[in-house]
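What follows is a set of notes on a single structure, which appears directly below.
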Number of protein chains: 4
Amino acid sequence: MNDMLELLRNEKNMTPKQIEIIRAAIELISEKGYYNTSTSEIAKRAGVAEGTIFRHYKTKKELLVEIVTPVITNFAAPMFAEKFVDQVFRTDFAHFKDLMYVFIKNRFEFAQSNIPLLKIVMQELAFHPEIQDAYKKVFKEKVYPAFNQTLDFYKEKGELQNLPNETMIRLIVPTIIGFMITRFILQPDKDWDDEAEIRKLITVIMGGVGSKE
Amino acid sequence: MNDMLELLRNEKNMTPKQIEIIRAAIELISEKGYYNTSTSEIAKRAGVAEGTIFRHYKTKKELLVEIVTPVITNFAAPMFAEKFVDQVFRTDFAHFKDLMYVFIKNRFEFAQSNIPLLKIVMQELAFHPEIQDAYKKVFKEKVYPAFNQTLDFYKEKGELQNLPNETMIRLIVPTIIGFMITRFILQPDKDWDDEAEIRKLITVIMGGVGSKE
Amino acid sequence: MNDMLELLRNEKNMTPKQIEIIRAAIELISEKGYYNTSTSEIAKRAGVAEGTIFRHYKTKKELLVEIVTPVITNFAAPMFAEKFVDQVFRTDFAHFKDLMYVFIKNRFEFAQSNIPLLKIVMQELAFHPEIQDAYKKVFKEKVYPAFNQTLDFYKEKGELQNLPNETMIRLIVPTIIGFMITRFILQPDKDWDDEAEIRKLITVIMGGVGSKE
Amino acid sequence: MNDMLELLRNEKNMTPKQIEIIRAAIELISEKGYYNTSTSEIAKRAGVAEGTIFRHYKTKKELLVEIVTPVITNFAAPMFAEKFVDQVFRTDFAHFKDLMYVFIKNRFEFAQSNIPLLKIVMQELAFHPEIQDAYKKVFKEKVYPAFNQTLDFYKEKGELQNLPNETMIRLIVPTIIGFMITRFILQPDKDWDDEAEIRKLITVIMGGVGSKE
DNA sequence: TATGAATGAGTCTTCATTCAT
DNA sequence: CATGAATGAAGACTCATTCAT
């Protein structure tokens with residue numbers, strides 16, 4: 001269940017109207033951007049009155065943040081949730097590249113289910129300090145620690161070069177994200193063999209950080 | 001001479017006021033984004049009347065495009081100009097990784113000299129078809145052909161795996177761009193050892209596309 | 001009930017603010033012309049915010065058209081409505097000149113009640129294709145057919161010369177309109193004996209188109 | 001020689017640039033109206049710099065007035081010039097309707113040669129007090145006296161009804177002008193038999209003001 | 001005299017936000 | 001809770017006019 005809207009409906013208990021507002025906002029903002037989308041347009045597409053939006057969200061920006069924050073949290077978080085880290089250490093994954101495969105596969109599917117949302121995050125991240133804060137927080141509190149633990153684990157197993165974790169993260173993460181941007185945003189209509197692409201991606205990453213034995 | 005403003009002053013022969021307008025626009029838009037920057041603000045910072053902007057650029061958007069287009073052209077183009085391609089084929093570069101080094105170094109420096117401009121390009125690319133067109137044109141007419149020629153050359157020399165060029169480009173380019181974004185935008189204040197980072201980057205790339213002899 | 005404002009209030013069911021906007025617009029535009037009247041002025045005189053105007057009328061031009069179209073329709077139309085044409089053929093009017101009298105009298109009173117509006121129509125007709133369209137439509141669909149029927153009727157009765165209807169219309173209509181312009185716009189302050197003027201006018205018209213027996 | 005431009009070139013001694021400005025202004029304003037024509041457009045079409053216009057005419061309005069005033073003067077005046085009035089009293093015209101014929105014919109040709117200018121006069125008369133003043137002056141000082149003299153002359157000859165001159169003028173003038181508007185502005189493309197139309201027009205007028213012997 | 005870059009007041013229009021119902 | 005009419009501040013853009021060259 002990767003669909004964020006589903007998730008929002010459940011976690012916060014939203015009224016149907018609220019859901020419609022969020023859905024409309026996501027559609028419109030991801031198509032045209034935050035500044036090209038008016039609240040009246042959102043209201044119209046959501047089938048509610050303009051005032052209704054402001055009953056639920058004090059400002060237009062708050063609506064944006066409300067949309068974007070859970071995406072950030074959920075894009076980064078779940079893989080680093082207890083369950084997953086457990087698996088790693090219960091050595092469910094014999095090799096780092098197996099872990100990478102599951103990790104990338106999982107995030108890939110998440111991205112696929114939430115393209116409009118991720119588009120919004122990427123586009124608006126640059127301009128809204130509130131969003132940047134959420135992003136930094138998640139990165140610092142979730143991604144970073146989880147990565148550290150994981151990388152240390154496989155370093156000790158001799159599967160990774162003895163590079164600083166930070167360096168490795170800086171090599172791995174942009175490579176993965178770069179791939180997804182190409183895949184979902186720049187050339188979404190190309191005829192992709194996703195499975196092959198992901199394997200190739202892992203080769204690149206391992207070429208970069210894997211131990212050269 | 002990497003500074004685009006310098007370049008603009010020379011190529012198009014701009015009046016001093018025009019230069020000021022461009023300078024102010026670059027500053028403000030790269031800080032706050034296109035939609036958060038008003039023409040009156042640009043005028044104020046440029047020290048001209050608001051009307052003066054519209055004497056030179058029919059619309060605000062035209063100003064943006066005028067700023068952004070040369071950046072795109074110049075970010076992509078020069079490395080693929082005759083001179084450079086010549087070098088490659090006069091085998092000035094014994095190995096693909098030597099070429100990569102010079103290439104990345106060169107584009108790195110260009111980026112460094114034009115951070116605000118590149119920020120603008122990245123941020124606004126998503127919303128302005130006019131900018132997308134410029135980008136597509138350059139990529140198709142310059143980047144792609146040059147890359148193809150080059151990759152074929154080193155493939156024949158046995159230095160690269162026998163992958164489709166497109167695949168290689170898709171692995172190489174986002175990796176480089178991802179690095180630069182991290183370096184200049186996400187963590188500009190970190191204490192970077194650029195030389196080392198670039199070498200590492202090349203290792204990653206070679207791990208991905210280099211031949212496994 | 002000749003007052004157009006009254007009519008607007010009823011037909012379209014307008015809010016009080018909307019009425020005020022229309023009233024203010026009519027006053028100002030008829031005094032100073034469309035291009036010399038700003039929307040902010042209209043708003044001020046109407047006692048509403050400028051934005052309110054644009055909530056009801058998408059553009060300033062749409063406001064103008066909304067004001068002017070019903071005038072055109074109503075200036076031309078009612079006399080040619082069923083009721084009136086019926087009267088003619090039930091020979092309520094023994095002679096063409098009796099019909100003319102009622103007709104002119106009726107339109108005269110309409111004009112008198114709507115001077116500012118008619119001023120606007122005349123002044124702006126030249127520049128706004130939208131208004132011209134409305135005018136052409138009404139003339140073609142209402143005025144012309146009604147006139148034709150009527151003129152034919154009295155021709156057969158031998159009261160009119162055997163001229164083409166078009167020629168007669170071209171003689172009659174400008175003469176009447178010319179009179180009203182003189183009466184209400186060029187010399188409104190003169191001490192008019194309207195009854196006498198109208199009779200004189202009819203003499204002229206009959207001199208032009210009446211049969212010379 | 002009815003062309004006003006010719007006249008302007010001679011009376012005032014204008015530079016070629018000035019003539020071009022006037023010509024361009026007439027063209028543009030008569031097409032699109034005063035408020036829809038910018039001085040920069042006029043300058044462009046005239047092939048001069050914007051500043052040049054303001055060297056010759058202090059304001060845009062002054063340019064308009066400069067264009068329009070001589071038209072008014074010349075439309076009204078010449079027929080009432082000495083020469084013409086002389087003719088009347090040297091009884092060059094046996095009957096009033098002969099005079100009318102020459103008069104209408106003459107003004108008809110003037111109109112035909114100056115349609116754009118007359119269009120401008122009509123359209124802008126309503127909004128510019130300066131133009132109204134010119135019009136009133138000419139009417140009062142030229143048209144009215146000349147008409148008076150003439151009408152009195154033919155009244156004495158028993159050719160006209162014993163109506164107040166003012167009344168007659170009010171019947172005659174709008175009828176003639178109405179005809180010209182129909183002929184040149186409302187239906188310029190119709191296939192007109194001008195000679196016949198003018199004769200018809202005179203019949204109407206005579207029907208209105210001619211003595212009923 | 002002619003130029004045309006520069007001006008800045010003024011215009012129409014948009015839109016997030018409020019509030020009485 | 002929901003509505004949607006009303007708001008008014010702010011924005012992009014126009015254009016008559018000025019003035020240094």
Side-chain angles (χ1 to χ4, degrees), chain A residues 15-18 21 34-44 46-64, chain B residues 14-18 20-21 35-44 46-63, chain C residues 14-18 20-21 35-44 46-63, chain D residues 15-18 21 34-44 46-64:
Chain A
T15 70
K17 299 231 169 199
Q18 228 172 331
I21 290 169
Y34 178 74
Y35 290 105
N36 285 315
T37 303
S38 67
T39 50
S40 84
E41 243 176 323
I42 295 173
K44 200 171 294 163
V48 303
E50 274 201 73
T52 308
I53 293 178
F54 291 89
R55 185 150 292 284
H56 292 291
Y57 308 95
K58 257 206 298 294
T59 65
K60 187 188 175 192
K61 179 93 120 236
E62 191 179 301
L63 170 60
L64 176 69
Chain B
M14 288 178 156
T15 69
K17 301 237 168 197
Q18 224 171 335
E20 282 317 305
I21 290 169
Y35 291 106
N36 282 315
T37 304
S38 69
T39 50
S40 83
E41 246 176 321
I42 295 173
K44 204 169 293 164
V48 303
E50 205 172 349
T52 306
I53 294 178
F54 291 93
R55 171 158 278 283
H56 292 291
Y57 307 95
K58 264 202 292 292
T59 62
K60 187 187 172 193
K61 181 89 131 251
E62 192 180 301
L63 171 60
Chain C
M14 289 178 154
T15 68
K17 301 234 167 197
Q18 224 171 333
E20 282 317 304
I21 291 169
Y35 290 107
N36 282 316
T37 304
S38 69
T39 50
S40 82
E41 245 175 321
I42 296 173
K44 203 167 294 163
V48 303
E50 206 173 346
T52 306
I53 293 177
F54 290 91
R55 171 157 279 284
H56 293 291
Y57 307 95
K58 266 205 289 295
T59 62
K60 187 189 172 190
K61 180 89 132 252
E62 193 179 302
L63 171 60
Chain D
T15 69
K17 299 231 171 200
Q18 228 171 331
I21 290 170
Y34 178 74
Y35 290 105
N36 285 316
T37 302
S38 67
T39 50
S40 84
E41 243 177 322
I42 295 172
K44 201 170 293 163
V48 304
E50 274 201 73
T52 307
I53 292 178
F54 290 90
R55 185 151 292 284
H56 292 291
Y57 308 95
K58 256 205 301 294
T59 65
K60 186 187 174 191
K61 179 94 119 238
E62 191 180 303
L63 170 61
L64 176 69

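Because the structure is predicted, anything quoted here is derived from the model rather than measured. Below, chains carry the letters A, B, ... as their sequence lines are ordered, and counting in each starts from 1.
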How close or far is atom [atom2] of [N] from atom [atom1] of [X], stated in whole angstroms?
X	N	atom1	atom2	answer
C:N36	E:dG10	CG	C1'	13 Å
D:L64	F:dA16	CG	P	12 Å
C:I21	F:dA5	CD1	P	12 Å
A:L63	E:dT17	CG	P	10 Å
A:H56	E:dA16	NE2	C1'	17 Å
A:K44	E:dT14	NZ	C1'	13 Å
D:E50	E:dA2	CD	C1'	13 Å
D:Y57	E:dT1	OH	P	13 Å

- Query: Is there a side-chain polar atom (N or O) of D:T39 under 4.0 Å from OP1 or OP2 of F:dC15?
  - Reply: no

Which nucleotide in the set [options] lies at the smallest distance from any side-chain heavy atom of [X]?
X	options	result
C:A49	E:dT13, F:dT17, F:dT7	F:dT7
B:F54	F:dA5, E:dA6, F:dA12	F:dA12
A:T52	E:dA2, E:dT7, F:dT3	F:dT3
B:K60	F:dC13, E:dT7, F:dT17	F:dC13

- Task: Indicate, with a heavy-atom threshold strictly under 4.0 Å, whether C:T59 touches base, sugar-phosphate, or nothing.
- Result: sugar-phosphate

- Task: Pick base, sugar-phosphate or nothing for C:S38, based on heavy-atom distances below 4.0 Å to the nucleic acid.
- Result: sugar-phosphate

- Message: Pairing donors with acceptors under 3.5 angstrom, does anything connect the side chains of B:S40 and B:E50?
- Response: no

- OG1 of A:T15 to CZ of A:R55: how many Å apart, nearest 0.5 Å? 11.5 Å

- Who is the Watson-Crick or G-U wobble partner of F:dT7, with both distances under 3.5 Å? E:dA16

- Task: Give none if F:dT21 has no partner; otherwise give the nucleotide forming a Watson-Crick or G-U wobble pair with it, both distances under 3.5 Å.
- Result: E:dA2

- By nearest nucleotide on DNA chain E, pick out whichever of B:G51 and C:K61 is the more 5' one. B:G51

- Hey, which of these two, D:V48 or C:Y35, hits DNA chain E nearer its 5' end, going by closest nucleotide? D:V48

- Note on the structure: Closest to the 5' end of DNA chain F, once A:R55 and C:K17 are matched to their nearest nucleotides, is A:R55

- Query: Given side chains that start at C-beta, do those of C:L63 and C:K58 come closer than 4.5 Å, heavy atoms only?
  - Reply: no

- Work out which heavy atom in B:T39 is nearest to a heavy atom in B:K60; give both atom names and the distance. CG2-CG, 3.8 Å

- Query: Which atom names give the shortest non-hydrogen contact between A:I53 and A:A43, and what distance separates them?
  - Reply: CD1-N, 3.7 Å

